[in-house]
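Lettering follows sequence order; numbering is per chain, from 1.
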Number of protein chains: 2
Amino acid sequence: MTTDAREMLASAGLRITAPRVTVIDALADHPHAAADAVFAKVSETLPRTSLQAVYNVLGDLTARGLARRIEPAGSPALYELRVGDNHHHLVCHVCGTVVDVDCVTGHAPCLTPSDDHGFAIAEAEVTFWGVCTACREAAVDTAPAQ
Amino acid sequence: MTTDAREMLASAGLRITAPRVTVIDALADHPHAAADAVFAKVSETLPRTSLQAVYNVLGDLTARGLARRIEPAGSPALYELRVGDNHHHLVCHVCGTVVDVDCVTGHAPCLTPSDDHGFAIAEAEVTFWGVCTACREAAVDTAPAQ
DNA sequence: GCTTTAATTTGAATAACTAAAAATTGGTAT
DNA sequence: ATACCAATTTTTAGTTATTCAAATTAAAGC
């Protein structure tokens, strides 16, 4: 895992540093993690790392195309290493869990609007909202008796 | 316009107050406005209104289904009065302008993911990203000479 | 016109993120 | 190996968007 992180950084022309390698490892283990979750994970193995450094690294990774940043409504920004395939997301309204969904029709842009209003359209971002299995089961358990 | 606002509030069982009517009028004039833009607009005609009141009203309208809240990445929350038709949005990467786009395939949920991962899916939210005409023209004007 | 309950104001707190100067470190050249 | 320099990280602050809660005010039924 560490090797991959180093290769990723090198191929993007970024210096290989402990915080960067550790952030990438954390994202590899926990896709769709927010900055503070990444910080918590990184702190386990590299406790001297600052939250600011994590923000810097996530920003750098995103700017170089090594990571993708998503911002579901009501959630802080989440990061993932799966880039370049225009996949989408399915978010649980209750617990916020995010899972990947392959592109609806194949490749970017996977959809075209009925009217582009003169915009030069670059991409279509799709977010499916629903309730995950765990939250549905929890709801049944706590439902009022009929 | 004022009449419509009053009717909307009444039909939702909300008290008719000056801040609420004015917020609704502001949204009718400026769809996709953020809270501070609504506050600025409301302040013109009702200068004693607090920003907090605007947040309260926007929250109430959203909770009762009179308004819809969208949160494009990198933008504060935006509000619009067009609700219940599952339309989508086209956002300019440069200036943030938002325009409405009719639902891609007709009615909610307008899309189905390739794999629902066990989620009970309620809706599909589509955000198209591109560059609007004005920003494209501005880019040409300031482009470096070849 | 009262009374009750909802709404608004006022004042404060918080989360998520950005900014900038100072200290440190990685990678290259010697 | 060592030193250098620019990139990175730390430290410290600051900002933006938003929420919370107590006290005041106002809407609508009686």
Side-chain angles (χ1 to χ4, degrees), chain A residues 2-3 5-24 26 32-43 45-64 66-67 69-79 96 98, chain B residues 2-3 5-24 26 32-43 45-64 66-67 69-79 96 98:
Chain A
T2 303
T3 310
R6 290 166 180 277
E7 280 168 12
M8 284 172 59
L9 290 168
S11 72
L14 288 172
R15 285 192 181 170
I16 292 158
T17 67
R20 284 180 175 164
V21 170
T22 315
V23 163
I24 292 176
H32 316 121
D36 72 337
V38 172
F39 174 62
K41 194 74 192 157
V42 167
S43 296
T45 50
L46 215 63
R48 309 253 353 229
T49 309
S50 66
L51 173 59
Q52 181 59 52
V54 170
Y55 274 107
N56 290 159
V57 172
L58 292 171
D60 291 344
L61 296 179
T62 305
R64 304 300 177 108
L66 297 181
R69 173 186 173 127
I70 61 169
E71 301 180 41
S75 158
L78 307 178
Y79 297 86
V98 176
Chain B
T2 302
T3 311
R6 290 168 180 276
E7 278 168 14
M8 284 172 58
L9 291 167
S11 73
L14 287 171
R15 286 190 183 173
I16 292 160
T17 68
R20 285 181 175 160
V21 170
T22 315
V23 164
I24 291 175
H32 316 122
D36 70 338
V38 173
F39 174 62
K41 194 75 193 157
V42 167
S43 295
T45 49
L46 216 63
R48 308 252 358 227
T49 309
S50 66
L51 173 59
Q52 181 60 52
V54 171
Y55 272 107
N56 290 159
V57 171
L58 291 171
D60 291 344
L61 296 180
T62 306
R64 304 300 176 106
L66 297 182
R69 173 186 172 128
I70 62 170
E71 300 179 42
S75 159
L78 308 178
Y79 297 84
V98 176

Can you tell me how far apart CE (A:Met8) and CD1 (A:Ile16) are? Round to the nearest 0.5 Å. 11.5 Å
Identify the pairs formed between an N or O of the protein and an N or O of nucleotides 18-22 of chain D at a distance under 3.5 Å, and give each distance.
residue: D:dT18; atom: OP1; partner: B:Ala77; partner atom: N; Å: 2.9
residue: D:dT18; atom: OP2; partner: B:Tyr55; partner atom: OH; Å: 3.1
residue: D:dT19; atom: O4; partner: B:Gln52; partner atom: OE1; Å: 3.0
residue: D:dC20; atom: N4; partner: B:Gln52; partner atom: OE1; Å: 2.5

Starting at CG of A:Leu58 and ending at C1' of D:dT9, how long is that distance when rounded to a whole Å? 14 Å
Write down the distance between CZ (B:Arg48) and P (C:dT10), rounded to a whole number of angstrom. 6 Å
Protein-nucleotide distance (A:Leu46, atom CG; C:dT25, atom P), rounded to Å: 12 Å
Candidate pair A:Leu9 and A:Leu61, rule side chain to side chain contact (heavy atoms under 4.5 Å, CB included), full reasoning: CA-CA 8 Å; A:Leu9 290 168; A:Leu61 296 179; 4.0 Å; yes
Could you check if a side-chain atom of B:Arg6 sits within less than 4.5 angstrom of a side-chain atom of B:Arg20, using non-hydrogen atoms only? no
Pull out every protein N or O sitting under 3.5 Å from an N or O of nucleotides 27-30 of chain C, one pair per line with the distance.
residue: C:dG27; atom: OP1; partner: A:Ile16; partner atom: N; Å: 3.0

Contact check, side chains of A:Lys41 and A:Thr22, non-hydrogen atoms, under 4.5 Å: no
Taken to the nearest whole Å, CG/B:Leu9 to C1'/C:dA6 is 13 Å
For a 4.5 angstrom cut-off between non-hydrogen side-chain atoms, does B:Leu46 reach B:Pro19? yes
CD1 (B:Ile24) and CG (B:Leu14) are apart, to the nearest 0.5 Å, by 8.0 Å
Donor-acceptor pair, distance only, cut-off 3.5 Å: does the side chain of A:Arg69 make one with the backbone of A:Tyr79? no
Looking only at side-chain N and O atoms, does A:Arg20 come under 4.0 Å of OP1 or OP2 in D:dT8? yes
Could you check A:Val54 against A:Asp36 for side chain to side chain contact (heavy atoms under 4.5 Å, CB included), going step by step and ending with a plain yes or no? CA-CA 8 Å; A:Val54 170; A:Asp36 72 337; over 6 Å; no
